[in-house]
Amino acid sequence: MLSNLKAQAPDKILMLIEEFKADTRQGKIDLGVGVYKDPQGVTPVMRAVKAAEQRIWESQTTKAYTSLAGEAEYRNSMAQMVLGDVPADRLASVATVGGTGAIRQALELARLANPDVTVFVSNPTWPNHLSIMKFMGLPFVEYAYFDAETRGVDFEAMKADISKAKKDDIVLLHGCCHNPTGANLTLKQFEEVAAILEKTGAIPLIDLAYQGFGDGLDADAAATRMIAKRLPQVLIAASCSKNFGIYRERTGILMALTDNSTTRDLTQGSLAYLNRQNYSFPPDHGARIVSTILTDDALRADWAAELEDVRNTMLGLRKQLAAELRQLSGSDRFDFIEHHRGMFSRLGATTDQVETLKRDAGIYMVGDSRLNIAGLNTDTVPVLARAIIEAGI
């Protein structure tokens with residue numbers, strides 16, 4: 001039977017990781033993998049996470065299954081962090097296996113509710129969005145998003161494209177820190193998007209993987225909160241991998257906002273059903289870390305302070321890189337790097353130029369020229385800047 005399997009296309013980012021490891025050059029720089037790294041090149045365990053794990057270890061008395069939806073304390077504390085004022089009469093939610101699991105369950109829910117659903121997704125988007133939809137056989141349409149000239153958002157083209165979505169179609173939005181471009185909508189632009197969705201009856205699916213990495217915890221959630229209040233039905237997939245630094249714990253949540261309590265109860269039952277079909281009970285350790293932090297004032301304050309340090313470190317690197325490139329190029333054409341938010345920016349380089357950076361300078365980034373700002377430090381920023389100019393970007 002197994003000999004009938006077909007070889008799958010390798011994941012480009014995972015291939016890049018292996019290629020980087022095999023490179024024996026001193027001074028090589030990894031800007032491909034999407035994890036935060038401190039100035040020493042380490043993805044640290046946050047102080048509050050360590051303290052929460054210690055507390056859990058000392059107090060936990062069982063490893064029995066949690067509920068199909070996950071622990072209520074985790075789901076409630078995450079809803080509060082994302083939404084601020086939690087509309088309990090409208091909210092259904094389940095713990096998921098990471099933010100990726102939340103996206104998958106959201107798409108499963110959409111297909112369960114509307115077998116004819118089409119998903120509208122930004123061009124470009126996180127490659128796994130497309131991979132999941134292709135595997136599921138879900139039809140999707142790419143909407144215009146990134147302007148290759150300005151390295152910003154082509155908003156007029158985006159509005160024209162998402163206006164074509166029909167009632168009960170899904171429009172997948174990045175809540176903040178767009179991956180892979182780093183180019184984000186303003187709150188005013190999100191309000192225009194919400195108005196289009198109100199008119200068409202399409203349902204927003206907000207991927208919120210980087211809350212706290214852009215302009216701050218509340219600022220990064222502002223667009224999601226506005227859409228949640230304005231539209232009758234909203235899906236939100238949130239991840240704890242980045243802002244809590246618990247990548248390997250695979251901690252996520254899917255929230256569904258409905259227009260009434262009857263639909264909420266129906267949705268909650270369907271979400272639990274989908275968890276049961278996919279992985280049964282969700283993992284609990286990461287979720288318990290998060291709820292322990294978010295429900296304790298001291299731990300939450302320490303976590304928020306460390307998250308701010310992470311955010312400001314990335315902003316500082318953006319400003320430094322933009323300034324170096326401004327000086328070397330004698331132009332402001334790279335200033336978009338300073339204005340982007342989150343871990344990523346798309347340089348707008350060709351695949352040949354990306355290959356030149358790797359071959360000549362040992363600088364690794366994804367082929368579409370997405371670079372991970374958090375893979376830099378103050379010493380490597382000038383190295384990257386010189387390499388960018390020498391590569392003719």
Side-chain angles (χ1 to χ4, degrees), residues 31 34 120-127 129-130 141-164 171-196 207 209-210 213-215 219-220 222-223 311 314-354 356-357 363 365-376 381 384-393:
L31 304 180
F120 284 69
V121 62
S122 68
N123 180 18
T125 193
W126 180 45
H129 287 153
L130 304 181
V141 174
E142 292 182 307
Y143 61 80
Y145 188 83
F146 189 63
D147 187 324
E149 293 297 319
T150 66
R151 273 74 156 185
V153 179
D154 187 350
F155 188 54
E156 293 305 314
M158 175 187 175
K159 288 192 295 182
D161 283 351
I162 65 172
S163 295
K164 299 170 186 174
V171 177
L172 201 163
L173 303 168
H174 296 233
C176 68
C177 305
H178 187 273
N179 179 5
T181 69
N184 299 302
L185 299 176
T186 65
L187 185 58
K188 186 177 185 302
Q189 288 173 327
F190 268 114
E191 289 172 350
E192 292 186 54
V193 168
I196 292 171
D207 187 351
Y210 300 95
F213 266 41
D215 293 309
D220 289 347
R311 186 179 75 85
M314 289 188 291
L315 287 179
L317 291 168
R318 287 188 175 282
K319 290 178 181 179
Q320 183 189 358
L321 180 57
E324 291 276 353
L325 287 165
R326 195 179 305 121
Q327 181 180 6
L328 291 173
S329 68
S331 75
D332 60 1
R333 71 178 189 269
F334 293 103
D335 281 6
F336 65 88
I337 293 172
E338 184 174 342
H339 302 308
H340 286 176
R341 286 296 181 268
M343 286 201 297
F344 303 118
S345 278
R346 179 181 270 196
L347 280 180
T350 66
T351 53
D352 286 343
Q353 289 169 329
V354 171
T356 297
L357 288 173
I363 296 171
M365 63 181 68
V366 182
D368 64 3
S369 75
R370 185 199 81 172
L371 64 92
N372 177 16
I373 291 293
L376 295 165
V381 164
L384 172 63
R386 285 194 300 273
I388 287 172
I389 298 302
E390 290 171 2
I393 298 173

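Note that the numbering runs from 1 along the sequence shown for the chain. What you see is a predicted model; the values in this text were computed from it and never measured.
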> Between Val193 and Val171, is any pair of side-chain heavy atoms under 4.5 Å apart?
Replying inline: no
> Which pair of non-hydrogen atoms, one from Ala385 and one from Leu325, has the smallest distance, and what is that distance?
Replying inline: O-CD2, 3.6 Å
>> The criterion is side-chain hydrogen bond (donor to acceptor under 3.5 Å, both in side chains); which residues satisfy it with His340, sequence neighbours excluded?
In response: Ser345
> Taking all atoms of both residues into account, what is the closest heavy-atom pair of Gly342 and Cys177, and its distance?
Replying inline: CA-SG, 3.5 Å
>> What verdict does the side chain to side chain contact (heavy atoms under 4.5 Å, CB included) test give for Leu130 and Glu142, after you've listed the backbone C-alpha separation in whole Å, the side-chain angles of each residue and the deciding distance to 0.1 Å?
In response: CA-CA 10 Å; Leu130 304 181; Glu142 292 182 307; 3.9 Å; yes
> What distance do Asn179 atom CG and Arg346 atom CZ have between them, rounded to the nearest 0.5 Å?
Replying inline: 10.0 Å
> Is a donor on one side and an acceptor on the other found under 3.5 Å between the side chain of Asp332 and the backbone of Asp335?
Replying inline: no
>> Quick check for you: to the nearest 0.5 Å, what is the distance between Leu371 atom CG and Leu376 atom CG?
In response: 7.0 Å
> Can you list the residues that meet the salt bridge (Lys or Arg N to Asp or Glu O under 4.0 Å) rule with Asp215, with sequence neighbours excluded?
Replying inline: Arg341
>> On a heavy-atom basis, which atom in Leu187 and which in Ala223 lie closest, and how many Å separate them?
In response: CD1-CA, 3.7 Å
> Is there side-chain contact between Val366 and Pro180, with at least one heavy-atom pair below 4.5 Å?
Replying inline: no
> Is the shortest heavy-atom distance from the side chain of Ile393 to the side chain of Phe334 under 4.5 Å?
Replying inline: yes
> To the nearest 0.5 Å, how far apart are SG in Cys176 and CG in Asn184?
Replying inline: 7.0 Å
>> Would you call the rings of Tyr145 and Tyr143 parallel, tilted or perpendicular, taking 30° and 60° as the class edges?
In response: perpendicular
> Do you know which two heavy atoms are closest between Leu357 and Ile388, and how far apart they sit?
Replying inline: CD2-N, 3.9 Å
>> Rounded to the nearest 0.5 Å, what separates atom CZ in Phe336 from atom CZ in Arg318?
In response: 9.5 Å
>> Rounded at 0.5 Å granularity, tell me how far CG in Leu172 sits from CG in Asp207.
In response: 6.0 Å
> Does the side chain of Phe344 come within less than 4.5 Å of Ile373's, by heavy atoms?
Replying inline: no
>> Test your reading of the model: is there a side-chain donor-acceptor pair from Ser369 to the backbone of Gly348, 3.5 Å cut-off?
In response: yes
>> Apply side chain to side chain contact (heavy atoms under 4.5 Å, CB included) to residues Leu185 and His178 and explain how you reach the verdict.
In response: CA-CA 9 Å; Leu185 299 176; His178 187 273; over 6 Å; no
> Can you tell me how far the CD atom of Glu338 sits from the CD atom of Gln320, to the nearest 0.5 Å?
Replying inline: 11.5 Å
> If every non-hydrogen atom of Gly392 is compared with every non-hydrogen atom of Gln353, which pair is closest and at what distance?
Replying inline: O-NE2, 3.0 Å
>> For a quick test of reading the model, state the closest non-hydrogen atom pair linking Gln189 to Thr186 and the distance between them.
In response: OE1-N, 2.9 Å
> What pairs meet the salt bridge (charged side-chain N to carboxylate O under 4.0 Å, His left out) rule with one or both residues in residues 149-160, with sequence neighbours excluded?
Replying inline: Glu156-Lys159, Lys159-Glu192
>> Tell me if a side-chain donor or acceptor on Asp220 pairs with a main-chain N or O of Phe213 at a distance below 3.5 Å.
In response: yes
> What do you reckon, is CD of Gln327 surrounded by more than 12 foreign heavy atoms closer than 6.0 Å?
Replying inline: no
